[in-house]
Amino acid sequence: MGQQTWTGRRWAALGLGLGVGLAVAAGAHTQTVHPALWPAVKPAPLVDVATETRIAALVKRMSIEEKVGQTIQTDISTVTPADLRKYPLGSILAGGDSGPYGDERAKPAEWLRLAREFHAVALEARPGHEPIPIIFGVDAVHGHNNVVGAELFPQNIGLGATRDPELVRRIGEATAEEVATTGIDYAFAPTIAVPQDVRWGRSYEGFSSDPQWVAKFAAAAVLGLQGPNGMEHRLARGRVASSIKHFLGDGGTTLGEDQGNTEVSEETLARLHAPGYAAGIEAGALTVMASYSAWNGQKMHGAKSLLTDVLKDRMGFQGFVIGDYNAHAFLPGCTKEHCPDALNAGVDMYMAPLGWRELYVNLIDDVKAGRISMARLDDAVSRILRVKFALGMFDAERPLAGHFEKLASPEHRALAREAVRKSLVLLKNDGVLPIRANAKVVIGGPHAGSLAVQAGGWTISWQGEDTKSADFPQAELAATAIKAAIRAGGGKMVEESDDLVKDKPDVAIVIIGTRPYAEMFGDIKLPIYNERTGLRALNQFKRMGIPTVTVFLSGRPLWMNPEINASNAFVAAWLPGSEGGGIADVLVGTADSKPRYDFTGRLSFPWPRSALLPPYAPHGATEFPIGFGITYAAPVRTPVLSERLDGSSDVAVPSRVK
Ligand code: BGC
């Protein structure tokens with residue numbers, strides 16, 4: 001996709017954000033907090049004493065212009081390497097719809113070429129210029145997902161269902177390696193939101209609605225991406241900086257509105273939304289991304305009490321706070337070109353895709369006029385330099401750069417496949433699973449052929465809706481993998497178009513899902529969710545007397561009672577990414593009906609009993625609680641579920657908690 005369209009789409013989204021910004025600004029006020037209510041963290045220093053001395057000396061030599069430059073990150077679609085000679089920026093990013101030279105399907109070598117061009121100009125020896133490496137960030141949120149041919153790991157909601165933080169650490173490590181091949185230093189991951197209302201379009205970016213699980217995964221993902229705290233020359237070892245995001249309360253907004261307002265007490269904010277940050281900081285997270293959202297009307301980018309008093313002072317965070325994409329512009333009194341308040345509140349680096357030249361000029365002015373103190377600027381710059389030193393950027397060899405054979409390598413594919421296997425949650429099985437390897441099988445359902453639905457948002461493009469199988473040649477659709485497993489097991493595949501009455505299959509697999517989306521485009525605005533995409537196919541097979549297995553691809557638990565009732569088995573497969581083989585591994589057994597792999601996935605979010613979404617849903621409207629998941633080893637019968645939209649039932653539903 002070209003730059004033109006990119007800008008248009010991002011701006012459309014920013015327009016939506018603006019609406020929220022104004023609404024919140026109307027009631028904005030500064031909140032006081034009680035740091036003692038928050039987790040106190042004493043992380044190990046990010047760099048040693050000698051490096052701190054080097055940082056202080058470097059800051060001393062820098063001009064105001066060079067310091068201000070460090071505090072700005074802009075998008076590769078609006079800056080050229082040559083611009084750095086006039087504007088000595090500290091960082092660049094590739095936003096969700098940006099690719100090198102305006103091509104979001106650019107080859108990996110083009111990503112590396114662009115990264116090298118920026119690195120070279122940043123390090124040029126010029127009069128009045130301190131050569132400081134520029135840090136390049138990208139949304140590597142489920143693998144290096146912006147880059148064609150990379151491995152696509154399951155989105156976080158699926159990883160949460162694995163309940164396996166060590167697996168998440170290994171995925172972080174693999175992702176960092178793939179990012180490093182393209183010369184990029186920094187992943188805007190992991191998202192450690194604790195989604196409380198699944199109407200939120202970013203629910204799938206969260207590991208769980210339970211803060212304690214999120215904390216475990218936060219630490220694991222940080223360790224995987226960055227390596228252990230104190231590791232030297234991280235880039236040389238194929239590690240990158242992480243960004244725990246979005247601080248704070250992004251998953252707690254009223255009605256699940258993206259970029260909305262989290263209306264909770266300080267105690268709830270700390271208890272529900274902060275544990276992941278404490279764990280991530282303890283693990284050495286080098287950056288924290290501020291949230292677009294507000295807490296009781298106070299936009300996070302202006303919340304000094306949380307960004308400075310809590311995050312930096314109480315939780316001991318020594319890295320830098322990165323703003324979110326143009327988010328400073330939504331503070332009361334701010335524009336995208338001018339916003340001293342964000343820096344004063346504790347944001348250290350502005351993510352400024354547009355208007356960054358003016359922002360640079362205005363920030364210099366702010367410092368000269370005393371609207372931003374030199375001490376605050378020096379602190380922000382020191383934090384940015386600390387991260388660059390901690391990464392080993394000043395002596396950066398990048399031995400993995402150009403090693404594109406690491407992208408979707410056999411090891412990474414095997415790891416992703418393992419993650420898919422472990423992420424599957426079985427909600428119903430009347431005995432039809434596992435499928436005999438030599439069975440006669442038909443595959444149907446509207447999404448059996450779609451990698452876009454299997455991968456979800458943040459894949460090639462921001463919204464991920466035009467992901468093609470050709471973008472990820474290694475990728476295997478679940479349908480393709482199941483066919484291969486059945487053929488290998490001596491079974492037979494029949495086509496939906498064949499005469500299924502004459503040649504009756506033993507089982508039908510129906511693959512259904514939801515269209516890909518990202519951020520506010522995924523918000524469910526209605527109080528009710530009643531999209532019934534799979535019923536037609538399910539009923540057709542049912543009428544023919546063919547037992548059915550539904551594979552549900554989705555970024556959140558949704559009311560599926562009609563589909564669950566119409567299926568003999570129902571599997572929540574989340575957004576598994578490129579390794580559909582993991583689904584075949586668990587669904588297709590041996591020729592004598594023994595499982596090859598059991599289900600080990602458990603719900604990391606409660607599954608709704610009613611089509612009415614909170615707060616309209618009746619109290620306690622949970623069909624399957626957190627932790628639920630049936631296994632082959634201990635089968636559980638799922639009764640007929642209520643199909644009334646409000647979840648009411650005359651039949652007492654037995655508890656299915658194990
Ligand atoms: C999102 C961030 C993301 C950034 C850069 C923003 O819109 O909220 O999560 O890292 O864009 O693409």
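Both ligands and their constituent atoms are indexed starting at 1 by order of listing. Here, residue 1 is the first one in the sequence, and each next residue gets the next number. Excluded from the calculations below are hydrogen atoms, water molecules and symmetry mates; all remaining heavy atoms, backbone and side chain alike, are included.
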Ligand 1 versus Glu205: contacting region, heavy-atom distance under 4.0 Å
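Answer for Glu205: neither.
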
Using a 4.0 Å cut-off to any heavy atom of [X], which atoms of ligand 1 qualify?
| X | result |
| --- | --- |
| Asp324 | 1 (C), 2 (C), 3 (C), 4 (C), 6 (C), 7 (O), 8 (O), 11 (O) |
| Arg202 | 1 (C), 2 (C), 8 (O), 9 (O) |
| Met289 | 2 (C), 10 (O) |
| Gly96 | 12 (O) |
| Leu93 | 5 (C) |
| Phe188 | 10 (O) |
| Tyr325 | 6 (C), 7 (O), 11 (O) |
| His246 | 2 (C), 8 (O), 9 (O) |

Between Glu519, Met300, His301, which is the residue that forms a side-chain contact (heavy atoms from CB on, under 4.5 Å) with Tyr292?
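For Tyr292, the side-chain contact (heavy atoms from CB on, under 4.5 Å) check succeeds only for Glu519.
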
Kindly assign one of parallel, tilted or perpendicular to the pair Phe217 and Phe207, based on the angle between their ring planes and the thresholds 30° and 60°.
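Judged by the thresholds at 30° and 60°, the geometry between Phe217 and Phe207 is parallel.
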
Classify the ring geometry between Phe153 and His412 as parallel (under 30°), tilted (30 to 60°) or perpendicular (over 60°).
tilted

Check salt bridge (charged side-chain N to carboxylate O under 4.0 Å, His left out) between Asp471 and all other residues, then give those that pass, not counting sequence neighbours.
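Once residues adjacent in sequence are excluded, the partners of Asp471 under the salt bridge (charged side-chain N to carboxylate O under 4.0 Å, His left out) criterion are Arg105.
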
Return the set of residues passing salt bridge (charged side-chain N to carboxylate O under 4.0 Å, His left out) with Glu579 (not counting sequence neighbours), or none when no residue passes.
Arg413

Any atom of ligand 1 sitting under 4.0 Å from a heavy atom of Tyr292?
yes

Using a strict 4.0 Å threshold on nitrogen-to-oxygen distance, state whether Lys406 and Glu178 make a salt bridge.
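Here Lys406 does not pair with Glu178 in a salt bridge, since their nearest N and O are not under 4.0 Å apart.
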
Does Arg556 make a cation-pi contact with Tyr529 (under 6.0 Å, within 45 degrees of the axis)?
no

May I ask you to check whether Lys245 has an N/O atom sitting below 3.5 Å from an N/O atom of ligand 1?
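It does: an N or O of Lys245 is found under 3.5 Å from an N or O of ligand 1.
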
Give yes or no for whether the N/O distance cutoff of 3.5 Å, strictly under, is met between Glu519 and ligand 1.
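Yes, since at least one N or O of Glu519 sits under 3.5 Å from an N or O of ligand 1.
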
Any side-chain donor paired with an acceptor under 3.5 Å for Trp200 and Asp258?
yes

Answer yes if the side chains of His144 and Thr175 hold a donor-acceptor pair under 3.5 Å, and no otherwise.
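Not at all, the side chains of His144 and Thr175 share no donor-acceptor pair under 3.5 Å.
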
If you take the nearest heavy atom of each of Asp75, Asp258, Asp139, which one is closest to atom 12 (O) of ligand 1?
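It is Asp139 whose heavy atom sits nearest to atom 12 (O) of ligand 1.
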
